[in-house]
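See structure below.
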Amino acid sequence: MANEGILLGMGNPLLDISAVVDDEFLQKYDLQLNNAILAEDKHLSMYDEMSSKYNVEYTAGGATQNSIRGAQWMLQIPGATSYMGSIGKDKYGEEMKKNSKLAGVNVHYYEDESAPTGTCAVCVVGGERSLIANLSAANCYKFEHLKRPENWALVEKAKYFYIAGFFLTVSPDSIQLVAEHAAATNKVFSMNLSAPFICEFFKDAQEKVLPYMDFVFGNETEARTFSKVHGWETDDVEQIALKIAQWPKASGTHKRITVITQGADPVVVAEDGKVKKFPVIRLPKEKLVDTNGAGDAFVGGFLSQLVLEKPIEDCVKAGNYAANVVIQRSGCTYPEKPDFN
């Protein structure tokens with residue numbers, strides 16, 4: 001059984017503003033499919049343009065929050081998961097709180113007085129997505145919030161931690177504190193490579209916390225960027241996964257396992273100097289709605305079985321199941337109950 005609060009996530013809570021757009025829109029704002037970036041000045045008008053021009057859907061998002069909601073959905077045990085991040089004091093923030101509570105996640109948000117709740121434009125073309133995050137309040141998370149007794153209690157209670165790489169841009173101190181706690185208490189600490197720009201421009205922050213990671217998640221593009229940045233001179237995802245798994249560790253309690261998804265291609269798992277590949281669930285093209293949140297859902301499904309101490313094969317199966325459900329729906333949303341065994 002998964003105890004209450006067994007899994008804790010920390011990250012950037014964002015309201016997803018999702019729409020099917022066209023190539024012209026992508027070109028206008030210099031966007032690439034299958035990529036995630038932080039909004040620059042040139043992107044700021046796109047949020048309103050999307051709302052006026054296309055049929056827009058709003059869902060609670062942010063990579064870590066999506067994964068935690070996914071794990072919560074798979075586990076079906078109220079309060080099995082907890083989450084921390086920063087929102088604004090506004091209607092989007094209220095919406096986020098309502099959504100998370102309905103999902104059964106125990107959220108402890110830091111509420112920023114001045115900045116609005118962060119948003120993420122999800123531009124979909126042909127089922128593929130491009131993500132543009134305007135962090136706003138999400139960027140204002142305070143280390144002090146984590147250290148408050150009622151919040152640190154969530155850290156003490158949890159046995160598993162998951163933080164997307166995106167949070168490295170906001171509060172590396174908070175990540176470090178949780179990572180060191182996990183190593184000192186033999187708990188399981190996991191992170192995600194999250195996006196090519198994290199591997200490129202937050203390389204030092206990522207490297208500092210990498211020794212603490214027991215599980216490293218990512219997709220093939222991120223893995224290849226990681227390899228390039230570290231001068232490994234290989235594009236072979238299996239080799240890269242092995243090299244990441246062999247990176248020195250801060251604590252010897254758990255070996256590191258690298259888990260790389262590759263869209264419709266098999267999931268690559270590297271541990272103990274060996275690679276295993278697991279096929280994904282095939283989906284006819286006409287059933288694909290959009291890939292937004294597929295990677296997040298995979299991690300959520302994976303973690304739901306990891307906290308139950310199931311073997312890695314079962315974790316990957318659950319990850320593939322959750323991702324398969326999400327790509328048949330708009331945005332990173334889940335039906336009422338999972339149908340996984």
Side-chain angles (χ1 to χ4, degrees), residues 9-21 25-26 29-51 53-70 83 85-88 90-97 99-100 103 107 109 112 115-125 127-141 163-171 192-198 202 219 221-222 289-297 299-300 326-327 329-334:
M10 294 181 76
N12 301 333
L14 304 172
L15 191 78
D16 277 357
I17 301 173
S18 179
V20 174
V21 301
F25 186 84
L26 295 182
Y29 289 104
D30 192 22
L31 306 173
Q32 265 93 43
L33 288 174
N34 234 336
N35 198 14
I37 59 170
L38 293 177
E40 297 169 39
D41 289 344
K42 67 179 178 185
H43 299 118
L44 295 180
S45 62
M46 69 180 285
Y47 298 88
D48 287 338
E49 186 177 338
M50 280 176 77
S51 305
K53 209 166 158 184
Y54 303 104
N55 188 9
V56 170
E57 288 186 8
Y58 297 90
T59 45
T64 308
Q65 187 162 242
N66 285 341
S67 296
I68 295 296
R69 280 202 349 261
Y83 175 80
S86 175
I87 58 174
D90 52 23
K91 67 172 199 289
Y92 285 167
E94 286 306 313
E95 190 65 25
M96 196 90 80
K97 278 195 266 192
N99 264 333
S100 304
V107 290
Y109 292 124
D112 190 76
T117 296
T119 49
C120 182
V122 180
C123 303
V124 178
V125 175
E128 299 287 321
R129 54 81 178 142
S130 184
L131 306 177
I132 308 88
N134 186 12
L135 296 183
S136 293
N139 206 23
C140 303
Y141 187 80
I163 302 176
F166 294 119
F167 203 51
L168 286 166
T169 74
V170 173
S171 189
N192 203 309
L193 299 177
S194 288
F197 86 87
I198 298 288
F202 293 86
N219 68 24
T221 318
E222 294 147 12
V289 176
D290 69 60
T291 56
N292 179 33
D296 300 336
V299 173
V326 160
I327 61 176
R329 301 166 64 85
S330 177
C332 193
T333 60
Y334 303 94

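Throughout, residue positions are numbered sequentially from 1 according to the sequence presented.
Here the CG-CG distance, from Asn34 to Leu131, works out to 9.0 Å after rounding to the nearest 0.5 Å. To the nearest 0.5 Å, atom OH of residue Tyr83 and atom CD1 of residue Ile68 are 8.5 Å apart. Met50 CE to Asn55 CG: the interatomic distance, rounded to the nearest 0.5 Å, is 10.5 Å. Taking CG from Asn134 and SG from Cys120, the interatomic distance works out to 9.5 Å, rounded to the nearest 0.5 Å. Put simply, CG on Leu135 and CG on Asn12 are 5.0 Å apart, with the number rounded to the nearest 0.5 Å. Taken to the nearest 0.5 Å, the CD1 atom of Ile163 stands 12.0 Å off from the OG atom of Ser67.
Every side chain to side chain donor-acceptor pair (under 3.5 Å) that Asp90 has, sequence neighbours left out, goes to Thr117.
No donor-acceptor distance shorter than 3.5 angstrom exists from the side chain of Ser171 to the backbone of Phe167, with no hydrogens or angles considered. Although no hydrogens or angles enter the test, the distance criterion places no donor-acceptor pair under 3.5 Å between the side chain of Arg69 and the main chain of Asn99. Checked by atom type and distance alone, the side chain of Glu95 never pairs as donor or acceptor with a backbone atom of Lys91 at under 3.5 Å. Under the 3.5 Å distance criterion, the side-chain polar atoms of Ser130 are matched with a main-chain donor or acceptor of Gln32. Glu222 places a side-chain N or O within 3.5 Å of a backbone atom of Asn219 that can act as its donor or acceptor partner. Looking only at distances, no side-chain donor or acceptor of Ser18 sits under 3.5 Å from a matching main-chain atom of Glu57.
Smallest separation of non-hydrogen atoms from Ala39 and Tyr47: CB-OH, 3.6 Å. Across Ala63 and Ala164, no two heavy atoms sit closer than the pair CB-CB, 4.0 Å. Across every non-hydrogen atom of Ala115 and Cys140, the tightest pair is CB-SG, 4.1 Å. Asp16 and Asn66 get closest at one heavy-atom pair: OD2-ND2, 4.5 Å. Nearest heavy atom pair, residue Gln65 against residue Ser100, reads OE1-OG, 3.5 Å. The shortest non-hydrogen separation linking Thr221 to Pro196 is CG2-CG, 4.2 Å.
Considering Glu49, Lys42, His43 as possible partners of Tyr29, the one that fulfils the side-chain hydrogen bond (donor to acceptor under 3.5 Å, both in side chains) test is Glu49.
Contact annotation: the side chain of Cys123 approaches that of Leu26 to within less than 4.5 Å [non-hydrogen atoms, C-beta and beyond]. Residues Val124 and Val289 fail the side-chain proximity criterion, which asks for heavy atoms closer than 4.5 Å. Inter-residue side-chain proximity for Tyr58 and Ile17 is flagged as met; some heavy-atom pair is nearer than 4.5 Å. The shortest side-chain heavy-atom distance between Met46 and Leu31 falls under the 4.5 Å cut-off. For the pair Phe166/Ile198, a side-chain contact is recorded, criterion being any heavy-atom separation below 4.5 Å from C-beta on.
The aromatic rings of Phe197 and Phe202 sit perpendicular to each other, their planes meeting at more than 60°, with 30° as the lower class boundary.
Taking the charged nitrogens against the carboxylate oxygens, Lys97 and Glu94 do have a contact shorter than 4.0 Å, which makes a salt bridge.
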